[in-house]
Number of protein chains: 4
Amino acid sequence: MRERQIMDAAVDVFSRLGFHAASMDEISDVAGISKPMLYAYLGSKEELFATCIRREATRMMEAIATGVEPDQEPDVQLWSGLRAFFGFVGENRASWMVLHRQASTQGGPFAVELTDMRTRAVSLVAALLTQSTKAPATKLEAESLAAALVGAGESLAEWWLDHPEEPAGVVAARLMNLVWMGFGDLVDGNVWHPPSRR
Amino acid sequence: MRERQIMDAAVDVFSRLGFHAASMDEISDVAGISKPMLYAYLGSKEELFATCIRREATRMMEAIATGVEPDQEPDVQLWSGLRAFFGFVGENRASWMVLHRQASTQGGPFAVELTDMRTRAVSLVAALLTQSTKAPATKLEAESLAAALVGAGESLAEWWLDHPEEPAGVVAARLMNLVWMGFGDLVDGNVWHPPSRR
Amino acid sequence: MRERQIMDAAVDVFSRLGFHAASMDEISDVAGISKPMLYAYLGSKEELFATCIRREATRMMEAIATGVEPDQEPDVQLWSGLRAFFGFVGENRASWMVLHRQASTQGGPFAVELTDMRTRAVSLVAALLTQSTKAPATKLEAESLAAALVGAGESLAEWWLDHPEEPAGVVAARLMNLVWMGFGDLVDGNVWHPPSRR
Amino acid sequence: MRERQIMDAAVDVFSRLGFHAASMDEISDVAGISKPMLYAYLGSKEELFATCIRREATRMMEAIATGVEPDQEPDVQLWSGLRAFFGFVGENRASWMVLHRQASTQGGPFAVELTDMRTRAVSLVAALLTQSTKAPATKLEAESLAAALVGAGESLAEWWLDHPEEPAGVVAARLMNLVWMGFGDLVDGNVWHPPSRR
DNA sequence: GATGAATGAGCGTTCATTCAT
DNA sequence: GATGAATGAACGCTCATTCAT
């Protein structure tokens, strides 16, 4: 499909240059089509950007939803989710950047798309937290913890880009340990292991 | 100093409008000087922005360094660091926005400044982790965990911008609990408390 | 004929939107054909517009020629001509607008078509004037007076577009009185009446 | 004044090409300045056009107001007005075109400027007509006759451009004869003469 | 014969940047 | 040292015009 090829180019350019610095000229160049075609297929620059965000958000959420194992214990669920997340980021650097970085700086229409995705992600984590009988987490608490988790994931993913020798699983396990065990346990030498090794 | 007054204006305008939407005209207006002076003192728009980032990053690192209590137990050190961080963000919204939100979306020259700051923060936390006798963390492990923590802090701070009704202490405590106790303890109802209440 | 249907659409669109705002897309849409066909039949946008002007000018001149009664006294001839003119304008707003309003504002190629029509109209009136035995009008005099009369008619017709509540006959009679009796008689209360009431 | 020189260029270009076909590039070229200066001095294209119309309308009305002799008989007043009008048009072809032709085709903001001027012109003529005791002209009648007169003047002025050998006074006298004496008198050989020759 | 799909060229507008004073 | 005035270079967007089918 033609739209697909254009959006790929747009995600590439947006993630490299940011919304404002990206020019429709460059996007159409990268896509290998003329500017009028770009407008015919995807509308204005803002519409194009919003569409990019929506598409990438959906792709990532689907990757995570596919990877997660909903019938397992909470820790296993979180573990599978993180693994899926790092797997996706590892293979879709541009997607992730356009999705999160860029979208959060441009106000207005884009905030909606991002809020949508964050809400879905937060719901997932919040569900995990409130599943457990003993954790009477408020909505605000769950939300903020989810935000922290997402940020930790993002930051770690970025760090990972500078240390590509580490496999995705190791990086994911490291974050899993941080958020599940906490530094408190870690400094005591207690670590969390995937279920197969328990 | 003349530079000081110009930079204050720049941080104000950049944080309100973002890098691209901010115009040198407006910055010079707010600074109360003419545009040629602006260029004479701070160079190009990009240089000015990079300088802003550098200055604000330094201010923040200093605030944290001042707040942290280096002779205490690791958890107290972390806690005091987090409190200082969220305290700074709460009182310097403009600094923080220009620093983080804007810088992270503009490609190229600015990433360097941001990476610098993140590296310094990561080093601090990594030192904390390796201080502890029982944690045989490799340098790589410590660094990645620190990266995750810093990211969680950044992300939570950003979330906080949209929920200003929460007091700084509450937000900091929430992150402290997450990273010290871990979800594993949290779902069991175990929480971390500041030293005065132990 | 295919051309006929296209030109009808063109006159409609041109008169509604003006030359520049009218797009070949809209004209082909209204005509119910594809754009390549539009170009095949009528050439460029400028050619199409010129053709519209020519067609509508011809239609109008024919309407007037049909309405005029050449064997009557000069005043009756003039009267019947004016009546025919205002009758045509009243029933062909679109024609008239595209013809006059639009054509007169676009420079260059279109002026020719308009000048042609005006020349033909002026010739008719000039002939009327020189018919009369007692008027030793030079060719130049007759032509200039005719030009003035035609302009008065055009302008009054345009004024009429903004005051559609007036019947065609009243407007025509008003111009007839002006050009036949003159202000000199009008301010004395002398008016001209159509022959049936003499 | 810099504005003056820009407006002269704008009137020139607008009158040659029409509102839409005129480009800001060409106007700035003709004015001998850069496009940003054009925008700095006169605002957007629409504002520039409106300003042109306003200026030219004012110039013309002043020329006529200066030429007219308000304490004379109605016919002398009209005569002096017509003479002033043709004098102005003879020396300001571009002004007149941008003023009348162009303004009447563009809707919206420009109509206001034009309506203003037409209202002032119509008032003058209507005052002439209603001055005379015997002419109980309604407002509508006066307005329409004034429109016709204006159109006749315009058309004759245009005809004049193709016959530049005729002096302004002769052309003005011809229109004076038409509108004061009417064809009825003219075909009988009765003509109107300026007061000095009566 | 007819068209869907494509584009070259241009427009109005803005802004970082720099002379002339 | 300081500035008002000026501009080169883009940018988002549109449209008359034409291939490939």
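Chain letters run A, B, ... following the sequence lines, proteins first and then strands; every chain starts at 1.
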Once you round it to whole Å, what is the distance between [atom2] of [N] and [atom1] of [X]?
| X | N | atom1 | atom2 | result |
| --- | --- | --- | --- | --- |
| A:D29 | E:dG8 | CG | C1' | 13 Å |
| A:I6 | E:dA5 | CD1 | P | 13 Å |
| D:K45 | E:dG10 | NZ | P | 15 Å |
| D:D25 | E:dG10 | CG | P | 10 Å |
| B:L38 | F:dG4 | CG | P | 14 Å |
| B:Y41 | E:dT17 | OH | C1' | 19 Å |
| B:H20 | F:dC11 | NE2 | P | 9 Å |
| A:F19 | F:dC11 | CZ | P | 13 Å |

Practice item. Evaluate the ring planes of C:F19 and C:F14, with Trp represented by its six-membered ring, and classify them as parallel (under 30°), tilted (30 to 60°) or perpendicular (over 60°). Key: parallel
Exercise for review: Considering non-hydrogen atoms only, spot the tightest contact between B:S95 and B:E56 and give its length.
Suggested key: OG-OE1, 2.6 Å
Study note, to complete from the structure: F:dC11 -> Watson-Crick or G-U wobble partner, both distances under 3.5 Å, gives E:dG12
Review point. Under a 3.5 Å cut-off for both distances, is F:dA6 Watson-Crick or wobble paired, and to whom?
Key: E:dT17
Exercise for review: Report yes if a donor N or O on one partner sits less than 3.5 Å from an acceptor N or O on the other, where the partners are the side chain of B:K35 and the base of E:dT18; otherwise report no.
Suggested key: no
Check your understanding: On DNA chain F, nearest-nucleotide positions of D:G32 versus A:P36: which is more 5'?
Key -> D:G32
Check your understanding: Between C:G43 and A:S23, who's closer to the 5' end of DNA chain F by nearest nucleotide?
Key -> A:S23
Review point. Would you call D:E62-D:R59 a salt bridge at under 4.0 Å N-O?
Key: no
Review point. Checking all strands, does D:M37 fall into the base, sugar-phosphate, or nothing category for heavy-atom contacts under 4.0 angstrom?
Key: base
Exercise for review: Identify whether any heavy atom of A:A21 sits under 4.0 Å from a base atom; if not, whether one sits that close to sugar-phosphate; answer base, sugar-phosphate or nothing.
Suggested key: nothing
Practice item. Please determine, for the side chain of B:S34, which listed nucleotide (F:dA2, E:dT13, F:dA16) has the closest atom? Key: F:dA2
Check your understanding: How far does CD of D:E154 sit from CD of C:E154, to the nearest 0.5 angstrom?
Key -> 8.0 Å
Review point. For A:Y39 and F:dC15, is the shortest distance between a side-chain N/O and OP1 or OP2 below 4.0 Å?
Key: no
Exercise for review: Would you tell me if any nitrogen or oxygen in the side chain of A:R2 comes within less than 4.0 Å of OP1 or OP2 on E:dA6?
Suggested key: yes
Review point. Under the criterion side chain to side chain contact (heavy atoms under 4.5 Å, CB included), which of D:T51, D:I27, D:D12 is the partner of D:M7?
Key: D:T51
